[in-house]
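Accompanying notes for the structure given below.
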Amino acid sequence: MTDTRAILATKRDGGELSEGQIRDFINGYVEGTIPDYMAAALLTGIFIHGMGDAELECWTRAMLHSGSTFDFSDLDKPKADKHSTGGVGDKVSIPLAPAVAACGVAVPMISGRGLAHTGGTLDKLEAIPGFRTDLDEAAFRRCLANTGVAFGAQTPDIVPADRKLYALRDVTGLVASIPLIASSILSKKLAEGIDALVLDVKFGSGAFLTDPERGAELGRTMIRIASSLGVPAVVWQTSMERPLGHAVGHVTEIAESLDCLRGAGPDDLRELVVLLGGEMLSLAGQEPNLAAGRERIAGVLDDGSALEVFRRVVTEQGGDAASLDDPGAFLPGPDEDVLVAAKAGRLVFRDVQAVGHALCALGGGRARLEDAVDPEVALTFEAQAGQQLAAGDPICRIHHRAGRGLERARALLGEACHTDPDAAAPAPLVMGSMAAPAPS
Ligand code: URA
């Protein structure tokens with residue numbers, strides 16, 4: 001049995017942990033024989049000194065195998081998933097998963113809930129009447145087999161090490177560490193039993209890591225670790241220097257996702273769905289290259305087959321598929337206020353996190369996982385980043401509930417964006433990609 005104090009001392013002094021030490025530590029922590037204060041000491045050592053590649057691979061593998069993992073090898077198609085590091089208005093997964101499935105690649109998607117300024121895919125899907133995300137393993141498997149997609153939540157059996165470690169990092173200020181983020185994301189995604197993984201690493205003021213260089217380092221780390229664990233991964237770095245799409249808020253984000261599934265929708269949302277979906281098809285071997293993958297995804301959005309898959313997923317997960325065709329089903333609440341441009345100029349977002357916080361102030365987000373969200377409050381942007389506006393032009397409609405949080409939301413939106421006659425055009429939505437070097 002490894003001496004836990006020796007493990008802590010090794011990391012405190014900047015050394016590398018052995019495979020045995022890592023396994024003993026993760027198992028002991030999950031079983032409860034290693035207390036939180038010892039785990040916090042180790043995480044602090046990792047936060048300060050980082051981890052070597054071999055060490056991080058062992059750490060991620062130990063987390064991955066700390067609970068049960070899915071095995072969909074009986075499903076006779078490639079399996080792939082996408083993960084985004086999160087942002088404001090990021091509803092890409094909702095149209096992307098059915099579009100990829102319509103092209104023959106299964107998407108077993110375990111998603112999270114919204115926390116702080118970012119929204120969660122599960123909360124957004126639950127804005128569809130009846131839609132259930134608390135699938136047990138049998139229901140998840142059935143949905144995936146019948147439709148090619150399943151949207152589920154992390155259960156207590158999947159990567160329990162991450163549940164405990166993430167909660168501890170959250171309360172001890174130890175979230176923003178590249179090895180800890182990489183192992184947390186990859187252990188959960190690789191537990192889905194996928195053959196390929198596309199990662200959307202956000203940068204900009206609405207992102208979790210605002211600096212693109214830190215995002216690139218996280219991307220390179222995740223690619224190395226995923227490939228050493230046998231799953232090819234590609235990273236795209238995309239901008240959160242503006243909210244994605246026009247809609248921020250649950251029902252409105254479902255409406256916008258449906259627009260995308262009908263071949264329309266805002267350009268930036270479609271661009272990311274086509275790009276990331278095309279990459280999933282190419283990486284999973286379903287299409288020979290990214291260009292062919294993109295063309296295929298654009299085709300299934302335009303011809304209605306992606307929407308048809310989504311309809312089946314909604315039905316399979318207990319939702320009311322007829323609501324998808326009801327023009328009144330996904331409208332925000334009736335109380336509305338408007339934020340207008342104070343002066344003429346280009347619309348500039350200087351703090352996209354504040355947009356997310358404004359939605360939270362209205363009741364559309366949560367500070368703690370147990371908080372309820374109001375799906376009908378929303379922010380609808382009438383103008384996009386870089387657009388020239390005259391004084392008094394509308395920037396954003398604020399859909400509130402009887403004034404709850406309205407004043408705070410208006411103040412936050414005032415911090416989030418303004419108009420500036422001298423502002424430069426915004427940076428492009430997509431910065432670039434990274435992949436593992438081809439084997440020599
Ligand atoms: N998302 C995760 O799943 N884990 C992290 O550590 C950070 C973001």
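Counting starts at 1 for both ligands and their atoms, in listed order.
By the 3.5 Å distance cut-off applied to N or O atoms, H83 is not counted among the residues near ligand 1. Close N/O approach between Y166 and ligand 1 is not found [any backbone or side-chain N/O within under 3.5 Å].
The atoms of ligand 1 that sit less than 4.0 Å from any heavy atom of I185 are 1 (N), 2 (C), 3 (O). Listed by number with element, the atoms of ligand 1 under 4.0 angstrom from any heavy atom of R169 are 5 (C), 6 (O).
The two atoms that bring L8 and L42 nearest to each other are CD2-CB, 3.6 Å, heavy atoms only.
Here the heavy atom of the protein found nearest to atom 4 (N) of ligand 1 is S184 OG, 2.6 Å. At the top of the distance list for atom 7 (C) of ligand 1, counting protein heavy atoms only, stands F208 CE2, 3.5 Å. Here the heavy atom of the protein found nearest to atom 3 (O) of ligand 1 is K188 NZ, 2.5 Å.
A perpendicular orientation is assigned to the rings of F151 and F310, their planes being inclined by more than 60° (bins at 30° and 60°).
Contacts of S66 classified as side-chain contact (heavy atoms from CB on, under 4.5 Å), with partners at least two apart in sequence or in another chain: I26, V30, V159, P160, A161.
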Practice task
Go through the steps for S183 and L165 under the test side chain to side chain contact (heavy atoms under 4.5 Å, CB included), then give the verdict.
Solution key: CA-CA 11 Å; S183 53; L165 287 170; over 6 Å; no
Could you list the donor-acceptor pairs under 3.5 angstrom formed between side-chain atoms of residues 213-222 and any protein atom two or more places apart in sequence or on another chain?
residue : atom : partner : partner atom : Å
R214    : NH2  : A176    : O            : 3.2
T221    : OG1  : E217    : O            : 2.7

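E407 and R410 are not joined by a salt bridge, as no carboxylate oxygen comes within less than 4.0 angstrom of a charged side-chain nitrogen.
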